[in-house]
Student: 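Below are the structure tokens for one structure; questions will follow.
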There are 2 protein chains.
Amino acid sequence: MLTIGQLAAYAGVTVRAVRHYHQIGLLPEPERDESGYRRYGAMAVVSLIKIRTLANAGVPLSQIGRMLEADASTFAEAVQRIDRHLREEIERLETSRRQIAQLASGDSLVLPPEVVSYLDRLREIGVAERVVEGERDGWILLAARWPDHIREIMPEKFAQLHDPQVVWLYRILSEMSESDADDDPRLEEIADVMAAGLAEQAQTSGETDLDDMTHDDLPFELLDALALESDPRSKRLMDLMRERGWASWTRMKPLADPPGGPT
Amino acid sequence: MLTIGQLAAYAGVTVRAVRHYHQIGLLPEPERDESGYRRYGAMAVVSLIKIRTLANAGVPLSQIGRMLEADASTFAEAVQRIDRHLREEIERLETSRRQIAQLASGDSLVLPPEVVSYLDRLREIGVAERVVEGERDGWILLAARWPDHIREIMPEKFAQLHDPQVVWLYRILSEMSESDADDDPRLEEIADVMAAGLAEQAQTSGETDLDDMTHDDLPFELLDALALESDPRSKRLMDLMRERGWASWTRMKPLADPPGGPT
DNA sequence: TGGAGGGCTGACGCAGCGTCAAGGTCAAGC
DNA sequence: GCTTGACCTTGACGCTGCGTCAGCCCTCCA
């Protein structure tokens, strides 16, 4: 007959765990010897190994008891559920691996590879790191909201990098990011170029996935707030954009929808 | 500016979780508005998403704070550790899947496939289910102790099934398992055959992996105990084996080692 | 015979929140 | 203006699966 220590060592668990299983009624209390010690038979070892196998699979102790008492078909069903749960958990961990890998690569988390490529491309054409970081934080917010749509609009963003005016915008923003003047005369010029670009975009793009996104203003408000936090000149730029009839530069729609336009 | 509910919804967590992160100092408390409500900026969203990404990877909250403050190389190291941990966890879950699959297939857990085949073979040659279950429980104990060695001794067990006397033993034990007489005259005959078989085995097998195993008596004592629990006639059979100079029938060694024999 | 190394029963501690309780606040509709 | 319902506030206890004392008894070996 085994003492509790021997039993525990045999099944690869701690003495405390065995006593816990007794306490919650999962493992029946065995007979005691004259001195009050618990004495276990071999059946207890088998039970304990079964319990650990199920517990290792993530089954809550409160369910293990019912499972071991159930008939074969009920048990088989439960095992199916556990297996499905294990597969999901493995899937979750794989996803998590990919996410922290991106986190380590510097370019944030949850960002689809297309966005990471886009940010790298910005660095290649000489956009300042501070501006790239701003873009990145913006994309994080958008990606958190529409993980699926975000990948579909990236080709368009890449195409825009062939537009000299877009490149000029990134350049000028980069220069400004390196000085920290409270105001800048170039802001007006920037606002003009942006407004023109947005107008052109509104003409050509027509009905796109953007419609799904612009129903929900929260992320764009967040983008505004983020810009304001990172640089005070954002405030002035937003005002200038509003003067030109656009609700900030982070959202691609006019202040008041024109009649017949997208709602 | 966001309320706590909006922030939580955006990052896909509960309000309670956000407050918890404040409490442990993981997420800084934001400014309050006139009515005492917390008001969050966009940076908080980014921080919260980072926290969740790490927490989902299994990093304890107490470490996440330090990680986010650390410099790039320290962070990269930590990410390496996390990834290794995730891989191990996935490995563990895969193992767990295999184990509960065996558990569902009826033939216990942790049993290597060779043993499962052996048990199936016993059923094929007509060994009673109760006897097969006894074998199975015995193998569970042995497999829990020597997960590696167990596979190496299985070919020998399969070979023994070609010995008519071994088959006869299983047959007679099967018959006895279906009656529940307190004693049986055939027990003497059984003991004779077993003793002869063990003697022959001791001659031929010589130095095998068994030596590693027989250094440790605990599992064999367990096997005895298990037999005693499952059938009272086991006691009589053990006595008969001891009369013939063997320490029970579950261990394959004589009571006193012969001079010059294995220690 | 004495000391190490078990065993026994409480009882509290831990993470990471969930879930009341007992209020104060805000936006909308009547 | 008043109600209603959905939020917000702090504070506190609950949950899982044990780890880890504390204070005592038991056994085995030198």
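Worth knowing before you read on, the calculation uses all heavy atoms, side chains too, and leaves out hydrogens, waters and symmetry mates. A note on names: the letters A, B, ... follow the listed sequences, proteins ahead of strands, and every chain is numbered from 1. Given the structure is predicted, the values throughout are model-derived calculations rather than measurements.
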Student: Rounded to the nearest Å, what distance is computed from the CG atom of residue B:Asn56 to the P atom of nucleotide C:dA15?
Tutor: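 The answer, rounded to whole Å, is 19 Å.
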
Student: Taking atom C1' of D:dC25 as reference, at what distance in whole Å does atom CG of A:Asp33 sit?
Tutor: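 Those two atoms, CG and C1', are 12 Å apart.
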
Student: Rounded to the Å, how far apart are B:Ile24 CD1 and C:dC17 P?
Tutor: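 Between P of C:dC17 and CD1 of B:Ile24: 8 Å.
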
Student: Nearest to the side chain of B:Arg19, which nucleotide is it out of D:dT10, D:dC18, C:dG7?
Tutor: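 Nearest listed nucleotide: D:dT10.
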
Student: Whole angstrom is fine here: how far is it from CG in B:Leu61 over to P in C:dC14?
Tutor: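 The distance from CG of B:Leu61 to P of C:dC14 comes to 15 Å, rounded to the nearest Å.
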
Student: Looking only at side-chain atoms of A:Thr14, point me to the closest of D:dC18, D:dC8, C:dT25.
Tutor: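 Given the options D:dC18, D:dC8, C:dT25, the side chain of A:Thr14 is closest to D:dC18.
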
Student: For C:dG24 and B:Ser35 - does any side-chain N or O of the residue sit under 4.0 Å from the phosphate oxygens OP1/OP2?
Tutor: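 Checking C:dG24 against B:Ser35, no side-chain N or O comes under 4.0 Å of OP1 or OP2.
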
Student: Whole Å only: how far is the NE2 atom of B:His20 from the P atom of D:dT9?
Tutor: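 Rounded to whole Å, this separation is 17 Å.
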
Student: Taking N and O atoms by type only, does the side chain of B:Arg16 place a donor or acceptor under 3.5 Å from a partner on the base of C:dT19?
Tutor: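 Indeed there is one.
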
Student: Below 4.0 angstrom from OP1 or OP2 of C:dG6, is there any side-chain N or O of A:Thr3?
Tutor: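 Checking C:dG6 against A:Thr3, no side-chain N or O comes under 4.0 Å of OP1 or OP2.
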
Student: Can you figure out which of C:dT9, D:dC18, C:dG16 approaches the side chain of A:Arg38 most closely?
Tutor: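 Selected nucleotide (nearest to the side chain): C:dT9.
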
Student: What is the separation between atom CG on B:Leu48 and atom C1' on C:dC17, rounded to the nearest whole Å?
Tutor: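 In whole Å, C:dC17 C1' and B:Leu48 CG are 14 Å from each other.
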
Student: Applying a 4.0 Å non-hydrogen cut-off, can you work out what A:Ile4 is touching in the nucleic acid: base, sugar-phosphate, or nothing?
Tutor: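 Sugar-phosphate: the residue A:Ile4, judged by heavy atoms under 4.0 Å, touches backbone atoms but no base.
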
Student: With side chains defined as the heavy atoms from C-beta onward, is the minimum distance between A:Asn56 and B:Leu93 less than 4.5 Å?
Tutor: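 No, too far: nothing below the 4.5 Å cut-off.
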
Student: Give a yes-or-no answer on whether the side chains of B:Arg16 and B:Tyr21 include a donor-acceptor pair shorter than 3.5 Å.
Tutor: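 B:Arg16 vs B:Tyr21: no donor-acceptor pair found between side chains.
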
Student: So for B:Tyr37 and C:dG24, does any side-chain atom that can act as donor or acceptor lie under 3.5 Å from a complementary atom in the base?
Tutor: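 Side chain to base: pair present.
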
Student: Taking atom CD as the centre, does B:Glu88 end up with more than 12 heavy-atom neighbours from other residues, nucleotides or ligands that are less than 6.0 angstrom away?
Tutor: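 It does: B:Glu88 CD has more than 12 such atoms within range.
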
Student: May I ask you to check whether over 12 heavy atoms, not counting those of B:Glu243, lie within 6.0 Å of atom CD?
Tutor: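 Counting neighbours around CD of B:Glu243, more than 12 heavy atoms of other residues, nucleotides or ligands fall under 6.0 Å, so yes.
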
Student: Figure out the CG/C1' separation between A:Leu2 and C:dG7, and round it to whole Å.
Tutor: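 Rounding to the nearest Å, CG of A:Leu2 and C1' of C:dG7 are 14 Å apart.
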
Student: Any Lys/Arg nitrogen of A:Glu89 or A:Arg92 sitting under 4.0 Å from an Asp/Glu carboxylate oxygen of the other?
Tutor: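 Result for this pair is yes, salt bridge flagged.
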
Student: May I have the distance from A:Gln23 (atom CD) to D:dG19 (atom C1'), rounded to whole angstrom?
Tutor: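 Whole-Å distance recorded here is 13 Å.
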
Student: Starting at the 5' end of DNA chain C, which residue's closest nucleotide do you reach first, B:Glu34 or A:Gly5?
Tutor: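 On the 5' side of the pair lies A:Gly5.
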
Student: Classify the nucleic acid contact of B:Arg32 as base, sugar-phosphate or nothing, counting any heavy atom under 4.0 Å across all strands shown.
Tutor: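 B:Arg32: backbone/sugar contact only, no base atoms under 4.0 Å.
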
